[in-house]
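Below: the structure, in structure tokens.
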Amino acid sequence: MNKGEEKPLDFIREIVKKDLEAGVFNGRVHTRFPPEPNGYLHIGHAKAISIDFGIAEEFGGLCNLRMDDTNPTKEEAEYVSAIIEDVRWLGYDWGDRLTYASDYYEQMYQYAEELIKKGLAYVCELTPEELREYRGSLTEPGRESPYRARSVEENLVLFRRMKAGEFPDGTKTLRAKIDMASPNLNMRDPVMYRIVHASHYRTGNAWCIYPTYDWAHGLEDSIEGITHSLCTLEFEDHRPLYDWFLEKLGVHHPRQIEFARLNLTYTVLSKRILQRLVQEGYVSGWDDPRLPTLRGMRRRGYPPEAIRDFCARIGVAKTDSVVDYALLEHCVREVLNKKCQRVMAVLRPLRVVIENYPEDRKEELEAINNPEDPSAGTRKIPFSRVIYIEQDDFMEEPAPKFYRLAPGREVRLRYAYFIKCHGYHKDRNGRIVELRCTYDPDTRGGNAPDGRKVKATLHWVSAEEALKVEVRLYDRLFLKEDPLDFPEGSDFVANLNPHSLTVLTNCLAEPCLLSAKPWETYQFERLGYFCVDPDSSESRLVFNRTVDLKDEWARIKKQYLKEKQG
RNA sequence: UGGGGGAUCGUCUAAUGGUAGGACAUCAGACUCUGGAUCUGAGUGUCUAGGUUCAAAUCCUAGUCCCCCAGCCA
């Protein structure tokens, strides 16, 4: 694509554009995002949201947020508010167009009577088991229900009695009269209404018959004047039915277009499995930062604009695809790099005594808040004789290409001084517990007047002023790229990463973090991005690692270890 | 063995008969007071076999492989 050229449109936008040009819907574009309030939204929904709301926005149209609540046994008000919150957090707005399928129950019922009167629907008394048998199979046609030939009058009476609550659950259904021999199973006289004596979270006990998805969805779209009904691929062979209902009713008829749902490596987006992860305690809740739920990602520190950018980058197509999780992380880093304040924190502290630095001396050094954003200004960091550095930043016997501290080696303490290691102490287990170093007073601020260079710059905190904080390190929840690829006889649990969470309780951070507030994200220099978890209290800050920084040394180390092994 | 869809670098996605391009990932280098960021460069792809054409990812024919559908879930 050359400069100045428009970004190519995906196949849906292409269709919408053509419809617009042809005046198909009187030049209108109106979409909808129709979640069922029976669970929490995840990154897969974010893709759909970004398509539904994005297309409406780009073509000067509208997008409704619609609760597709047609099943009283699964839906709850709690999910409605969570969905609203999550879509809003992502940054989308539906004005006053928050709608509910349940608001259309009466109208749907009237449409159903209309279809009965046209001889296109009938009350069937087959049991669920019988219904299945009568449906036939993928290769064999179904059989017509013995109740199929009822008169319009009888159907009407029966249907009204169904509505009146005269029959127990599961004893009768209203079915569309289409074609039991259709090669498309969805057309084999699909159920439109089922009897369910259950209280609905919105309509209470007003109804005991509830519309099925196939019957309801097109009507919802039609009633709301939707022009383009965008959904995922598995609804492709429901489209003939969607079209059939609307055509027989002769009502406003939106165009349904299907796209591939999102899959991510090392991640599951199946509602059922997500539920098990939460219910069986593999994660701490729906907002566990390891989960691909929007709440989880928010708590992890993923900015909504990064998720939106991700959705824009993955594109829209009909090919089944699995997107590399690294792309999401890239989008997250890109946003965070630009806006996060830098700070120094030590995850696994190693005590360093600077022998030639006077015991009674303290000083403050100036540090840049964000090199990507000069307007973020600077801050002061305390420095003193005893400091802590990262355990990983010292090697007794340095590996090849390890530039950091080692006996006899000089490195820079960021924004402070050059220090040189002269010795170290070990505990009785042989673990290094303290380094003895000297500093060069002439290198204050981090540069040597004689121009000598060091190969590494370390982050550090002053022992006395440091804040003790908790840091939760997250890693992918699953070990396998495809978590559903497990040996026979086991299940996805076999692929769970036992080290997906590491809690570090003895971390030390520079004192400016004292004022940090929940949900704020910082870059811990050389380590990654960390956001303040709402579990934090006045006396103890808790940080979640959002994502690490790209780490050249980690890469080299890995290569080195691999070579050493074989 | 029914029907509906789909196959382009490792991954995602463009090219709509006319130079197979981008992004992420990977590798190499430059720069750097974050082994970060930034910059430069490299490699890797049209499912297969035929055909049409000056020219095919694109059109035709025949295959192959993958996904979805037998809820009174959505």
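What you see below is based on every heavy atom in this structure, not just the backbone, and it leaves out hydrogens, waters and symmetry mates. Letters A, B, ... mirror the listed sequences (proteins, then strands); counts begin at 1. Just so you know, these numbers come straight off a predicted model, no measurement behind them.
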Just to confirm, is there a sub-4.0 Å distance from OP1 or OP2 of [N] to any side-chain nitrogen or oxygen of [X]?
X: A:Arg555; N: B:rA25; value: no
X: A:Arg194; N: B:rC73; value: yes
X: A:Ser182; N: B:rG3; value: no

Which whole-number value in Å describes the distance from [X] [atom1] to [N] [atom2]?
X: A:Arg175; N: B:rG71; atom1: CZ; atom2: P; value: 12 Å
X: A:Asp214; N: B:rC73; atom1: CG; atom2: C1'; value: 10 Å
X: A:Gln256; N: B:rA74; atom1: CD; atom2: C1'; value: 12 Å
X: A:Lys7; N: B:rA23; atom1: NZ; atom2: P; value: 13 Å
X: A:Glu481; N: B:rG10; atom1: CD; atom2: P; value: 13 Å
X: A:Lys271; N: B:rA74; atom1: NZ; atom2: C1'; value: 7 Å
X: A:His217; N: B:rA74; atom1: NE2; atom2: P; value: 11 Å
X: A:Arg188; N: B:rG3; atom1: CZ; atom2: P; value: 12 Å

Electrostatic pair [X]-[Y], nearest N-O below 4.0 angstrom:
X: A:Asp221; Y: A:Arg66; value: yes
X: A:Lys338; Y: A:Glu305; value: no
X: A:Arg313; Y: A:Asp309; value: yes
X: A:Arg404; Y: A:Glu390; value: no
X: A:Glu510; Y: A:Arg379; value: yes
X: A:Arg555; Y: A:Glu552; value: yes

At 4.0 Å (heavy atoms only), tell me whether [X] reaches a base, stays on the sugar-phosphate, or touches nothing.
X: A:Leu126; result: base
X: A:Thr127; result: base
X: A:Thr70; result: sugar-phosphate
X: A:Tyr193; result: nothing
X: A:Ile368; result: nothing
X: A:Glu390; result: nothing
X: A:Asn38; result: nothing
X: A:Val322; result: sugar-phosphate

B:rG45 glycosidic conformation (syn if within 90° of 0, otherwise anti) is anti

Per the under-4.0 Å heavy-atom filter, residues of residues 234-243 of chain A near RNA chain B come out as A:Glu234, A:Phe235, A:Glu236, A:Asp237, A:His238

- Over 12 non-hydrogen atoms of neighbours within 6.0 angstrom of NZ in A:Lys380: yes

Where the side chain of [X] is concerned, which of [options] is the nearest nucleotide?
X: A:Thr212; options: B:rC12, B:rC72, B:rG2; value: B:rC72
X: A:Leu185; options: B:rC12, B:rC69, B:rG10; value: B:rC69
X: A:Leu138; options: B:rC69, B:rG5, B:rA25; value: B:rC69
X: A:Asp68; options: B:rA74, B:rG2, B:rC72; value: B:rA74
X: A:Asn71; options: B:rC72, B:rG5, B:rC73; value: B:rC73
X: A:Glu36; options: B:rA25, B:rA74, B:rG2; value: B:rA74

Kindly write out the residues that satisfy ring pair (Phe, Tyr, Trp, His ring centres under 6.0 Å) with [X], not counting sequence neighbours, or none if the list is empty.
X: A:Phe524; answer: A:Phe530, A:Phe543
X: A:His45; answer: A:His42
X: A:His238; answer: A:Phe235

Any stem touching RNA chain B, meaning at least three consecutive Watson-Crick or G-U pairs under 3.5 Å, ordered by first number, would be B:2-7 with B:64-69, B:10-13 with B:21-24, B:26-30 with B:38-42, B:47-51 with B:59-63

Separation between the [atom1] atoms of [N] and [M], rounded to whole Å:
N: B:rU8; M: B:rG45; atom1: P; result: 14 Å
N: B:rA74; M: B:rU19; atom1: C1'; result: 47 Å
N: B:rU34; M: B:rU44; atom1: P; result: 35 Å
N: B:rG36; M: B:rC24; atom1: P; result: 16 Å
N: B:rG4; M: B:rU11; atom1: C1'; result: 27 Å
N: B:rC12; M: B:rU26; atom1: C1'; result: 15 Å

Can you list everything that forms a side-chain contact (heavy atoms from CB on, under 4.5 Å) with [X]? Sequence neighbours excluded, please.
X: A:Ala48; result: A:Phe33, A:Asp52, A:Phe259
X: A:His200; result: A:Asp69, A:Pro72, A:Glu75, A:Ser102, A:Tyr105, A:Arg202, A:Thr203, A:Tyr210
X: A:Leu185; result: A:Leu138, A:Arg188
X: A:Thr457; result: A:Arg412, A:Arg414

* Indicate the ring-plane relationship of A:Phe402 and A:Trp553, choosing parallel, tilted or perpendicular according to the 30° and 60° boundaries. => perpendicular

(request) Measure up the A:Trp215 and A:Phe245 rings against each other and bin them: parallel (under 30°), tilted (30 to 60°), perpendicular (over 60°). (result) perpendicular

Whether each nucleotide of nucleotides 34-47 of chain B has a protein heavy atom under 4.0 Å at its base (B), only at its sugar-phosphate (S) or at neither (-) is summarised, 5' to 3', as BBBS----------

Under a 4.0 Å heavy-atom criterion, the protein footprint on nucleotides 13-20 of chain B, written with B, S and -, is SS------

So salt bridge (Lys or Arg N to Asp or Glu O under 4.0 Å) across residues 257-266 of chain A, not counting sequence neighbours, yields A:Glu234-A:Arg261, A:Arg239-A:Glu258, A:Glu258-A:Lys318

